[in-house]
Undergrad: 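I am attaching a structure below and will ask some questions about it afterwards.
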2 protein chains.
Amino acid sequence: MTRRRVHSWDVANLAGVSRTTVSFVLNNVPGMRISADTRQRVLEAAKQLDYHPDASARRLVTGKTSILGYVERQSPEHALSDAFLPQVLRGVHDSAATYNFEVLFAPIPLELSKGRFSRLLQGHHVDGIILSGPRSDDQEVHQLIEANAPIVLQGHLPNMQVASVDVDNVKSAKMATSHLIRKGHTRIGMIVHSPEAFTAGEARLQGYQETLEEHGLSVDPDLIAFASFTSSSGEHAMRKLLKAIPRPTAVFISSDTVAIGAMQAVQELGYHIPQDLAIVGFDDIPMSVYLKPPLTTIHLPAYGIGWAAADLLIHLIDKDDALETNVLLDTELVVRESCGASRI
Amino acid sequence: MTRRRVHSWDVANLAGVSRTTVSFVLNNVPGMRISADTRQRVLEAAKQLDYHPDASARRLVTGKTSILGYVERQSPEHALSDAFLPQVLRGVHDSAATYNFEVLFAPIPLELSKGRFSRLLQGHHVDGIILSGPRSDDQEVHQLIEANAPIVLQGHLPNMQVASVDVDNVKSAKMATSHLIRKGHTRIGMIVHSPEAFTAGEARLQGYQETLEEHGLSVDPDLIAFASFTSSSGEHAMRKLLKAIPRPTAVFISSDTVAIGAMQAVQELGYHIPQDLAIVGFDDIPMSVYLKPPLTTIHLPAYGIGWAAADLLIHLIDKDDALETNVLLDTELVVRESCGASRI
DNA sequence: TAATTTTGCTAACACGTGTCAGCATAGAAG
DNA sequence: CTTCTATGCTGACACGTGTTAGCAAAATTA
């Protein structure tokens, strides 16, 4: 490994041409006439020497790093985002690789973000940023967005003109709710997690309500309960729902993590899932399939989210601005056992 | 954002000094006499302009990228490593940040690794590599190790002289086994997952056996079953174990994922955990706490593994070679309900 | 006063690449 | 034969920084 590094002039010497020609050949520069013979010689020399251009030198002269930063900025929902990070990151990477971009992993916690963003962007460590776990009260990110920095949100921030990739929450909630209706349920409750801090919760609630109305079912406030990000908050919410008269026969829960606690409450109260109560969750966390009974839920396309975010960001960096800047991805209903067989 | 980039000579001009002086001050170059007054002026100018040196230029001239690559190379055990990736990566990042290193996320699947390693190292995208999920049959990695490339394995590869960070599997298995013995069990079985491809399985089996012997208990081959990486293989293994006569009263399972399937088998056969059968797992995957009953298991210090790997790699890069190159981290027994109350 | 050392700073080079302007040579056109 | 154009290649500059060698002025010593 202490073997001297191979440079472009080594390739040039071996091929008997100038360094410039090597660059033209290896980068496939358009409009440059290179004879087939020379091109061949250069390619062979490069392969023989296992030449790879120095990334820093190339970046310095081109002004492009071809690196995008994946910045984590989560707060309480850590547990959820953690479960998806591997897939999202792989999506980001694979998409970026298509454009010969690399991915820098850079968590920047809210507390000690002191200058980290400047370092990343002004210091030219990355060409742009994918921001995971955006928060409305994040001053530093607001500044970046206003400065028109190349940023793509993984998620959503209301009243902000910024590119983003998210799941179509309204549509997804409609899928879940209408599935329960199709099963014959008419008393359908919902547990919404953290609608204030997390706009997705609100959107999912909206989808649920609209679907009920579209099917001529009334929206009963007693059948809507709120939770935070934790399982135990789901337990609490479910106990409240089950006091409603008449009892709901099905509940749509806007987060699988919350659903875990809710299911526990149901079973502790002596009810059976799905016979006494059908349940549909949201997220399809890896654990969902192992729950008892296995949870019917809305599958979050984590890999696709990562892919789309990187794709959008790179187009943004290259100033193909005319691009749709708010991507909404479709989800899928994964039917397992918790929603029960048809009631009809 | 189209605002012109700030360079070191901007700072120099504003402070009324040369670019060289700016560099000396900002990098705290030792042995350089700078008057307190000048130093102050430079620091203020830099802060006022929000100056951050261009990463590429600095890398080009110093020859150090100050980036380390986190390379994923997993195969079947994806599910397991995925559960820990977020924590490991955070550990890697935080440790690296201590040395002003960045972290590049670079999965390189076995199939299409065509030149990716060369690109990374020869192309000087990174100074070194942390390799997650090393496989003994990985030719490309063998070559890198023999070429003495700066690599740290996250895990272990037998008969290879290469730096690595792993958990003390023998010691951990002893903790698990002796805990069951302390609870009063004498018929203790074990399910080993994939000992052939995954050396950790073998080590855990060894720890189990030695502990039995140390306590004067015989090792009964009928009480040892093998599984792969999946839950369903655990189901199969457990069914086999429960046919032993007399039945084991406790089982140590070398993987939580496998334990999930095993527990399912136990309950399907009508036995109760932990009354009829106590269970201790290994890994402490996030899901373990939600199982029924919650799984007693060995906690894998994912964050610590990441931290240690980055620390080791950076020391290796800086040629502090005298460093211990095979780090073994301690684990912790997390007692929940599946191991039962004391039998004594 | 003259010689020497110390202090505080700077000019100039190097890192390895991409790329613009230009230069021979060969062929075509006049 | 001369002039022009296309072909195939190259010399030289630029990117922004770290760093070595060195220089003037001030301080110290002789």
Side-chain angles (χ1 to χ4, degrees), chain A residues 4-43 45-46 49-67 100 119 121-127, chain B residues 4-43 45-46 49-67 100 119 121-127:
Chain A
R4 203 182 65 78
R5 191 151 245 133
V6 172
H7 302 302
S8 65
W9 56 70
D10 296 314
V11 179
N13 282 343
L14 181 58
V17 294
S18 76
R19 218 177 44 71
T20 306
T21 303
V22 171
S23 175
F24 285 160
V25 170
L26 295 184
N27 295 323
N28 256 316
V29 179
M32 287 298 153
R33 320 275 163 205
I34 309 280
S35 73
D37 176 60
T38 307
R39 162 168 276 119
Q40 184 67 15
R41 267 199 341 271
V42 170
L43 289 175
L49 296 176
D50 193 23
Y51 168 70
H52 293 265
D54 182 274
S56 305
R58 160 176 272 175
R59 282 169 188 152
L60 177 58
V61 69
T62 59
K64 302 241 147 216
T65 67
S66 291
I67 303 182
N100 286 318
R119 199 177 109 84
L121 286 169
Q122 313 257 20
H124 220 221
H125 285 84
V126 303
D127 287 336
Chain B
R4 204 182 63 80
R5 191 150 245 133
V6 172
H7 301 303
S8 66
W9 57 71
D10 296 314
V11 178
N13 281 343
L14 181 57
V17 296
S18 78
R19 220 178 44 71
T20 307
T21 302
V22 171
S23 176
F24 285 160
V25 170
L26 296 183
N27 295 324
N28 256 318
V29 180
M32 287 298 154
R33 320 273 162 208
I34 309 278
S35 73
D37 176 61
T38 307
R39 162 168 276 118
Q40 184 66 14
R41 267 197 342 270
V42 169
L43 289 175
L49 297 175
D50 193 24
Y51 167 70
H52 293 266
D54 183 273
S56 306
R58 161 177 271 176
R59 281 169 189 151
L60 177 58
V61 68
T62 59
K64 302 241 146 216
T65 67
S66 292
I67 303 183
N100 285 318
R119 199 177 110 84
L121 286 169
Q122 313 257 18
H124 219 221
H125 284 85
V126 302
D127 287 335

Undergrad: Just by distance, do the side chain of A:H124 and the backbone of B:H52 share a donor-acceptor pair under 3.5 Å?
TA: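 No; judged by distance alone, with no hydrogens or angles, the pair does not exist.
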Undergrad: Checking B:D127 side chain against B:T65 main chain: does a donor-acceptor pair fall under 3.5 Å?
TA: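 A pair under 3.5 Å: yes.
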Undergrad: Examine the side chains of B:T21 and B:S18 and answer whether a donor and an acceptor come within less than 3.5 Å of each other.
TA: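 There is such a pair (donor and acceptor under 3.5 Å, judged by atom type) between the side chains of B:T21 and B:S18.
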Undergrad: When you check every protein heavy atom under 4.0 Å of nucleotides 16-27 of chain D, what one-letter string (B, S, -) results, 5' to 3'?
TA: BBBBB-------
Undergrad: Just checking B:T21: base, sugar-phosphate only, or nothing, at a heavy-atom cut-off of under 4.0 Å?
TA: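 Since a base atom lies under 4.0 Å of B:T21, the category is base.
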Undergrad: Would you confirm whether B:D10, through its side chain, and B:H7, through its main-chain N or O, come within 3.5 Å as a donor-acceptor pair?
TA: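 Present.
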Undergrad: If I take atom CD1 in residue A:I34 and atom C1' in nucleotide C:dT19, what distance separates them, rounded to the nearest angstrom?
TA: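 Taking atom C1' of C:dT19 as the reference, CD1 of A:I34 is at 13 Å.
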Undergrad: Which residue is it: A:V22, A:V25, A:T38? I am looking for the one with a side chain to side chain contact (heavy atoms under 4.5 Å, CB included) to A:L43.
TA: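 By the side chain to side chain contact (heavy atoms under 4.5 Å, CB included) criterion, A:L43 pairs with just one of A:V22, A:V25, A:T38: A:V25.
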Undergrad: Ignoring backbone atoms, test whether A:T38 places a side-chain nitrogen or oxygen under 4.0 Å from the OP1 or OP2 oxygen of D:dG8.
TA: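 No.
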Undergrad: Between atom CZ in B:R33 and atom P in C:dT7, what is the gap in whole Å?
TA: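 So the CZ-P distance, B:R33 to C:dT7, works out to 5 Å.
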Undergrad: Kindly indicate, with the supporting measurements, whether the criterion salt bridge (charged side-chain N to carboxylate O under 4.0 Å, His left out) is fulfilled by A:R41 and A:D37.
TA: CA-CA 6 Å; A:R41 267 199 341 271; A:D37 176 60; 2.9 Å; yes
